[in-house]
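Below is one structure; the comments refer to it alone.
All values below were derived from every heavy atom in this structure, side-chain atoms included, with hydrogens, water molecules and symmetry-related copies excluded. In what follows, every chain begins at residue 1, and chains take the letters A, B, ... in the order their sequences are listed.
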Amino acid sequence: MTNSDTVSPTDFIREIIDADLAAGKNDGRVATRFPPEPNGYIHIGHAKSICLNFGIAAQYGGTCNLRFDDTDPSGESLEYVESIIDNIRWLGFDWEDRQFFASDYFERLYQFAVRLIEAGKAYVCDLSADEIREYRGTFTEPGKDSPCRNRSVEENLDLFRRMRDGEFEDGSHVLRAKIDMASPNIVMRDPVIYRIKREPHYRTGNTWVIYPMYDFAHCLSDAIEGITHSICTLEFENNRPLYDWILDQLLEGDRPRQIEFARLNLSYTVLSKRVLIELVREGYVEGWDDPRMPTVAGMKRRGYPAGAIREFCAQIGVAKNDNLIDVALLEHCVREELNEKAPRAMAVLRPLKVVIDNYPEDVTEEFECANHPQNPEMGTRMLPFSREIYIERDDFQEDPPGKYKRLAPGREVRLRNAYVITYESMVKDEKTGEVVELHCSYDPETKNAPPADGRKIKGVIHWLSARHAIPAEVRLYDRLFQVPNPAAGDDDFTRSLNPESLETLKNCFVEPALRDATPGSRCQFERLGYFCVDSRDSAPDRPVFNRVVALRDTWGKMSDKG
RNA sequence: UGGGGCGUCGUCAAGCGGUAAGACACAGGAUUUUGGUUCCUGCAUUCGGAGGUUCGAAUCCUCCCGCCCCAGCCA
């Protein structure tokens, strides 16, 4: 599926699977699942889990199901289901016909709950939410039994049926597993497994007023689907005894096994669902697919290739250590793929006009340019040249620092794929003193050739023929947060937002070949970075480009240091 | 505080009793019509700490320290 996945990674989860296989468990089957709750868009952290689950299934000749864990109607919606399906497909994974919903199991789960009651392992509790909390005890004190704990099976069955039938108010009754109110693990102190919630479900509508809790629904959904290895994140480690307990009461033979790994944390970004939702709702970004968002939809729109995300997930590994991955690694993976695959193009973001005085006014030349310097198979394109061109403002300095090798008074520079030009004079705005135009001369002998006298031209800059350049809008993105670990501390995340995460440049130019660039297509603007045609706002007469990621910039680093 | 986890380079991460892989980052240098790419080079005498076992310990034992998770009718 991916050329970068040639080396199968090894990690503690695969070691467990190897051992299970060696022990003859599950008849040699490996079945995983990715179980999102459809109450938000998936992000790069989910991508790690997706790559893990689908990757393991592929590696072991097994299967990976997509299952929506939709047991709490509040906040869940079809929009999220659809976005999740789209995003996983885009990431490059396929679950064939194995798309499931926990909500499709509601009737079976109900029957499992009835069996639990019949076995004397669950009871209907009348305590209020507050009372249940009080009865639960604390880390250091054991809990107390609910007064309802010893109801008869018959009464429990009757009450539970009436809960389902809608006879009771929301919150007036719950179904609880009867385990151990003195357990040192709070999860095991008679956990709630069903609650009454009169809220329409986006799939089952009003047919249910009771909904199973995660701990009850998840393990049984895994069992129903024949999952062998149920991979989840570390915060569920405390829940594993409950996962096993429920299955022990209800099932015999091979059972799914829960394995926990450390979730992804990314520097300078936040992956908390709560914060992501707030960023969208409060308008700090323009939507779930804002190119600054760490969502799969955002990264796709930004122009990150799916393969780069997969490669990133392979690179970071899987372990149980808390981690904070340097976002530079993600950017590295993006550059690595784009360097190989993105055709080169010319664009000027902050134009400065240059008149080449000794070049004829009515002439247009066309230069044949390679689409990729290292890969001739990517072909060539024609680039027009004329007397007036635009260069990048940054590529001229009146009083340049030491190692500057671009245009300056008295200097010469190579125009990429064209001639060597020499500075002659500049025109300044009388009021502001700003340089508004340059005059240069060109050396006709240097067309695609070094200067005849053998002198070395150090600098190469990009340019565009003013007459032929296509106006474009370019959006420069930077990290959304200014601090390395915005999730640390309970500070208001708003304060660590980067006010300069988006810079919109409206007066840019791109080469004519890009006039009709396909939305979503990517190229490298030479010397600037990788760019992607925005799939939402770009129009044929007015292309809009998103900067995917800048090129590595050793010069920028040097000059930053002074 | 009771329970459950985790501590190996700046950041990830291999290592599974035989003497510290790799990646990113960083720093030098070479090549270059992208200050890109590519290519070399450097980057943990030491594995949270202290004891112990052993010919030999990041790996085994003991104690200590630090960080994360759990007291939703969320997942």
Phosphate OP1/OP2 of [N] contacted by [X] side-chain N/O (<4.0 Å):
| X | N | result |
| --- | --- | --- |
| A:Arg195 | B:C74 | yes |
| A:His462 | B:U34 | no |
| A:Arg527 | B:G35 | yes |

Take the protein atom [atom1] of [X] and the nucleotide atom [atom2] of [N], then report the distance between them rounded to whole Å.
| X | N | atom1 | atom2 | value |
| --- | --- | --- | --- | --- |
| A:Lys447 | B:U33 | NZ | P | 19 Å |
| A:Asn321 | B:G48 | CG | C1' | 13 Å |
| A:Asp326 | B:C9 | CG | P | 15 Å |
| A:Ile461 | B:U33 | CD1 | P | 16 Å |
| A:Trp245 | B:G4 | CH2 | C1' | 20 Å |
| A:Phe216 | B:A75 | CZ | P | 13 Å |
| A:Asp130 | B:A71 | CG | P | 15 Å |
| A:Leu242 | B:G4 | CG | P | 16 Å |

Considering every strand and a 4.0 Å limit on heavy-atom distances, what is the contact class for [X]: base, sugar-phosphate, or nothing?
| X | answer |
| --- | --- |
| A:Arg414 | base |
| A:Thr554 | sugar-phosphate |
| A:Arg136 | sugar-phosphate |
| A:Asp72 | sugar-phosphate |
| A:Ala129 | base |
| A:Arg406 | base |
| A:Glu134 | nothing |
| A:Asp215 | nothing |
| A:Tyr404 | base |
| A:Ile457 | nothing |
| A:Lys403 | base |
| A:Ala370 | nothing |
| A:Lys197 | sugar-phosphate |

Any chance the side chains of A:Glu526 and A:Gln524 put a donor and an acceptor closer than 3.5 Å? no
Whole-Å C1' distance, B:A57 and B:G42: 29 Å
Does the B:U34 base have a donor-acceptor partner in the side chain of A:Gln524 within less than 3.5 Å? yes
With A:Tyr211 as partner, the option from A:Phe106, A:Tyr194, A:Phe216 fulfilling ring pair (Phe, Tyr, Trp, His ring centres under 6.0 Å) is A:Phe106
Is there a stack between A:Phe139 and B:U1, judged by ring centres under 5.5 Å and planes under 30°? no
With a 3.5 angstrom cut-off on both distances, give the Watson-Crick or G-U wobble partner of B:G42, or none if there isn't one. B:C26
Under 4.0 Å, heavy atom to any atom of RNA chain B: which of residues 260-270 of chain A qualify? none
Quick one, which residues of residues 230-239 of chain A touch RNA chain B with a heavy atom under 4.0 Å? A:Glu235, A:Phe236, A:Glu237, A:Asn238, A:Asn239
Less than 4.0 angstrom from a charged side-chain N to a carboxylate O is my criterion; do A:Arg195 and A:Asp170 meet it? no
Choosing from B:C68, B:G5, B:C73, which nucleotide comes nearest the side chain of A:Asp322? B:C68
